[in-house]
Protein chains: 2
Amino acid sequence: MSTPTPPRGRATMKDVAALAGAGVKTVSRVINNEPNVTPAMAKRVWDAVRELDYQVDLQAGSLRRADGRTRTLGLLVGSVDNPFAGVIHRTVEDAAAEKGVAVFAASMDDDARRESDAVRTLLQRRVDGLILTTAVRRPEYLGTIRDRGVPVVYVDREPEGADLDTVASSNRAGAEAGTAHLIAHGHRRIALLADRLDLITAHQRHSGYLDALAAAGIPVSEEIIITELTDAEAGAKALSSLLALDDPPTAVFSAQNLITIGALHALRDAQLSHSVALVGFDDLPLADLVEPGVTVIAQDPQRIGVLAAERIFARLEGDHSAPVRMHVPTTLIPRGTGEIAPRRVSGGIR
Amino acid sequence: MSTPTPPRGRATMKDVAALAGAGVKTVSRVINNEPNVTPAMAKRVWDAVRELDYQVDLQAGSLRRADGRTRTLGLLVGSVDNPFAGVIHRTVEDAAAEKGVAVFAASMDDDARRESDAVRTLLQRRVDGLILTTAVRRPEYLGTIRDRGVPVVYVDREPEGADLDTVASSNRAGAEAGTAHLIAHGHRRIALLADRLDLITAHQRHSGYLDALAAAGIPVSEEIIITELTDAEAGAKALSSLLALDDPPTAVFSAQNLITIGALHALRDAQLSHSVALVGFDDLPLADLVEPGVTVIAQDPQRIGVLAAERIFARLEGDHSAPVRMHVPTTLIPRGTGEIAPRRVSGGIR
DNA sequence: CTGAAAGCGCTAACAC
DNA sequence: GTGTTAGCGCTTTCAG
């Protein structure tokens with residue numbers, strides 16, 4: 001008979017209106033900070049809101065709202081537990097939260113099927129915009145997205161053909177710089193370890209590697225180019241087999257972070273950490289604490305996220321200019337492994 | 001006159017019904033795989049769906065649906081770019097996707113204000129359930145959540161007092177094991193580096209450290225216990241100052257991953273990586289490649305995620321049993337730093 | 001087996 | 001300033 005019974009269940013705007021002695025539209029005005037409400041009325045409404053612990057139903061609102069916006073963004077990445085994707089996610093989340101927009105994040109594991117399923121789901125949830133990473137060169141769902149009028153920005157990987165906003169690292173230039181760095185340190189027999197070449201990033205990094213060799217007049221040795229490596233273990237195995245060749249590479253360019261980790265393990269196991277040079281694409285946590293430090297081509301996922309968020313919000317605010325393809329520069333961070341001079345490793349003759 | 005004009009804009013169920021010559025409810029039945037539709041009718045509907053490239057509006061559906069479910073989950077973590085959170089996120093996402101549920105992820109940076117803001121937003125979006133990490137001992141929004149009848153599971157950190165489902169690491173036992181490991185290797189002067197003690201995890205790990213000292217009859221030396229460390233740099237600075245003491249610690253227990261990274265830097269800079277022992281709470285990528293390898297108390301974020309998802313879905317499916325507090329065991333992984341014997345480091349007298 | 005009508009909680013449009 | 005009415009796209013209810 002003293003403590004007022006705490007409100008139970010969810011109150012609706014109608015309940016608030018009733019308690020405040022106002023019409024629902026007035027409550028709506030107050031909740032959404034629309035003009036034309038007297039301070040006195042506003043206070044009565046807010047009191048009722050507090051009393052009932054009322055919270056708007058954003059879903060219901062967007063159903064009727066003129067612009068049809070759900071204040072929701074869809075983000076698709078390889079996996080949300082990948083550090084690179086994590087940084088992009090965080091950056092996008094921050095930009096979105098500032099505008100009262102929430103983010104649905106989904107992982108697709110570089111699988112085309114999971115990718116289109118995820119996009120379909122996101123569309124069914126009526127996200128206002130999409131920030132996507134793709135596993136394929138030409139996503140087949142692009143027509144659907146376009147028909148729905150949902151803006152889309154691709155991050156990390158740029159689809160071919162379609163005219164779309166994209167934000168990605170300078171993969172080719174970065175890989176060329178990394179390979180050139182090894183060449184500058186005297187290497188001519190440089191292995192390449194790369195991911196599935198059907199992924200545009202792997203393809204571009206492969207091209208960059210070839211560019212550097214060509215620029216230096218070094219012929220390509222197919223036997224020390226290993227691709228289709230999808231995890232650290234595969235990377236380790238691949239490098240181990242290369243090191244066992246009669247004429248093993250004196251340096252390695254690893255085109256992806258997991259592969260770099262595998263390569264580091266292989267070198268350590270072969271006790272060649274100080275003899276065979278290594279440059280990896282994408283930075284690694286603790287890369288500076290390993291002995292010798294790991295030389296990498298660092299990407300800038302934060303900048304990628306910031307630019308992608310900017311782009312999608314610009315589109316949402318009506319920017320109809322031509323799509324832009326943005327390339328975020330990479331940075332070579334010399335820490336040790338990339339500066340090892342060539343050394344004959346095993347008993348190659350000659 | 002040949003290529004049928006591609007469908008423009010979003011079609012509604014009404015459009016599909018019209019094209020298929022059916023009622024909307026019939027279309028709804030087909031879309032949702034409800035019984036009582038003849039195959040012939042179903043085919044006509046699916047044809048129309050394909051023709052119009054129709055996709056249901058899940059938001060609109062949940063507005064009217066009896067159970068009111070949005071098939072949406074809210075996940076709150078310290079930061080989505082934290083690897084520990086990333087794994088939990090991924091695990092939850094997988095479990096949710098299997099049930100057609102999407103996940104809103106949000107970061108709160110161990111800030112109470114951001115935390116309650118995020119929870120409010122999630123509630124406004126009518127998530128069916130919440131998986132939360134909290135920065136405070138007693139979240140003030142719990143009443144609201146309870147009133148709304150939204151199930152909640154806490155992960156990583158367990159709030160005090162309230163009777164809630166929680167899934168967290170065995171922080172206290174893990175920290176005790178880590179400290180005991182150092183004691184077993186002969187150390188008696190063991191520093192503790194920890195995060196803000198108002199975070200329940202830091203508090204529990206601090207307790208575990210004290211437990212181990214007490215069990216070994218080692219008196220507590222307040223001057224080598226440093227807390228309120230919030231990033232790697234702070235951890236590095238703290239350890240550097242300890243190493244400069246007249247009577248520096250011979251071993252360090254670091255209660256958090258970022259702090260461990262800072263500690264590794266401090267040891268390396270002081271050239272004491274091989275002289276001062278270190279055990280860190282939470283595993284680190286590349287911890288096995290550093291020289292010496294970093295001994296850690298590894299957590300199992302995947303298991304935490306799996307259990308949390310199981311719990312929330314059980315609640316959603318009507319499990320009304322008493323709340324459970326689950327503790328996921330930690331694992332000590334000896335790699336080198338934790339097995340260094342005590343050594344007088346600088347010129348302490350005596 | 002099918003479909004017409006009502007209504008979910010909100011905002012738009014338009015009265016007062 | 002304020003309230004009433006309609007209706008967003010769907011699912012429920014219930015009558016055929």
Side-chain angles (χ1 to χ4, degrees), chain A residues 9-46 48-49 52-72 100 123-128 148-149, chain B residues 9-46 48-49 52-72 100 123-128 148-149:
Chain A
R10 48 201 109 226
T12 76
M13 216 170 238
K14 212 163 121 189
D15 300 328
V16 176
L19 183 58
V24 274
K25 180 59 207 180
T26 302
V27 175
S28 173
R29 284 197 185 90
V30 174
I31 298 286
N32 298 295
N33 286 313
E34 285 172 32
N36 296 333
V37 182
T38 57
M41 176 59 102
K43 183 184 179 328
R44 267 163 55 210
V45 171
W46 280 122
V49 164
L52 297 172
D53 200 7
Y54 169 77
Q55 293 187 185
V56 254
D57 185 330
L58 292 177
Q59 317 256 76
S62 65
L63 188 58
R64 187 60 172 97
R65 205 176 347 266
D67 59 14
R69 298 272 172 83
T70 54
R71 286 141 208 252
T72 270
L123 253 17
Q124 291 181 345
R125 295 193 180 275
R126 297 295 187 268
V127 295
D128 298 334
R148 302 267 179 304
Chain B
R10 49 202 107 223
T12 76
M13 215 171 237
K14 211 164 121 187
D15 300 328
V16 175
L19 182 59
V24 273
K25 178 59 208 179
T26 303
V27 175
S28 172
R29 285 199 184 87
V30 173
I31 297 286
N32 298 296
N33 286 312
E34 285 172 32
N36 296 332
V37 182
T38 58
M41 176 58 101
K43 183 184 178 329
R44 267 163 55 212
V45 170
W46 281 122
V49 164
L52 297 174
D53 200 7
Y54 169 77
Q55 292 185 186
V56 254
D57 184 330
L58 292 178
Q59 317 256 76
S62 65
L63 187 59
R64 188 61 173 94
R65 199 172 292 111
D67 61 13
R69 297 274 169 85
T70 55
R71 284 141 210 254
T72 271
L123 253 16
Q124 290 182 345
R125 295 193 179 276
R126 296 296 186 266
V127 295
D128 298 335
R148 302 264 179 307

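Residue numbers begin at 1 in each chain, while the letters A, B, ... track the order of the sequences. Just the heavy atoms: all of them, side chains too, but no hydrogens, waters or symmetry mates, feed the values below.
At its two ends the helix from dC1(C)-dG16(D) to dC16(C)-dG1(D) runs along axes set 40° apart, each axis drawn from five pairs and the angle rounded to 10°.
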Name every donor-acceptor pair, under 3.5 Å, that has one atom in a side chain of residues 35-44 of chain B and the other anywhere in the protein, sequence neighbours excluded.
| unit_1 | atom_1 | unit_2 | atom_2 | d |
| --- | --- | --- | --- | --- |
| Thr38(B) | OG1 | Met41(B) | N | 3.3 |
| Lys43(B) | NZ | Asp47(B) | OD1 | 3.4 |
| Lys43(B) | NZ | Asp47(B) | OD2 | 2.6 |
| Arg44(B) | NE | Ala20(B) | O | 3.2 |
| Arg44(B) | NH2 | Ala20(B) | O | 2.9 |
| Arg44(B) | NH2 | Gly21(B) | O | 3.0 |

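Listed by chain and number, the residues in a side-chain hydrogen bond (donor to acceptor under 3.5 Å, both in side chains) with Thr70(B) are Asp128(B) (sequence neighbours excluded). Applying the salt bridge (Lys or Arg N to Asp or Glu O under 4.0 Å) criterion to Lys14(A), with sequence neighbours excluded, gives no partner residue.
Side-chain atoms of Arg10(B) come within 3.5 Å of backbone atoms of Arg148(A) as a donor-acceptor pair (strictly under, hydrogens ignored). The main-chain N or O of Glu34(A) is never found under 3.5 Å from a side-chain atom of Arg29(A) such that the two would form a donor-acceptor pair.
Taking atom CE of residue Met13(A) and atom C1' of nucleotide dG3(D), one finds them 14 Å apart after rounding to whole Å. Between Lys25(A) atom NZ and dA6(D) atom P there is a gap of 16 Å when expressed in whole angstrom units. In this structure, Lys14(B) atom NZ and dG3(C) atom C1' are separated by 14 Å, rounded to whole Å.
Among the heavy atoms of the strands lying under 4.0 Å from Ala22(B) are primed sugar atoms or P, OP1, OP2 only; no base atom is included.
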Inset, instruction - List the steps and the verdict of side chain to side chain contact (heavy atoms under 4.5 Å, CB included) for Gln124(B) and Arg71(A). - result: CA-CA 12 Å; Gln124(B) 290 182 345; Arg71(A) 286 141 208 252; over 6 Å; no
Legend entry - Stepwise side chain to side chain contact (heavy atoms under 4.5 Å, CB included) check, Val56(B) with Met13(B): CA-CA 7 Å; Val56(B) 254; Met13(B) 215 171 237; 4.0 Å; yes
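Listed by residue number, the members of residues 27-42 of chain B with any heavy atom below 4.0 angstrom from DNA chain D are Ser28(B), Asn32(B). Contacts between residues 56-65 of chain B and DNA chain D, defined by a heavy-atom separation below 4.0 Å, involve Val56(B), Asp57(B), Ala60(B), Gly61(B), Leu63(B), Arg64(B), Arg65(B), listed by number.
Within the model, atoms OG1 of Thr72(B) and CZ of Arg125(B) stand 9.5 Å from one another, a figure rounded to the nearest 0.5 Å. The OG atom of Ser62(B) sits 9.0 Å away from the CG atom of Leu63(A) when rounded to the nearest 0.5 Å.
Side-chain proximity of Tyr54(B) to the nucleotides dA4(C), dT4(D), dC10(D) is greatest for dC10(D).
Considering every non-hydrogen atom in both Val27(A) and Ala17(A), the closest pair reads CG2-CA, 3.6 Å. For the pair Trp46(A) and Val30(A), the tightest heavy-atom approach, listed with the atom from each and the gap, is NE1-CG1, 3.4 Å.
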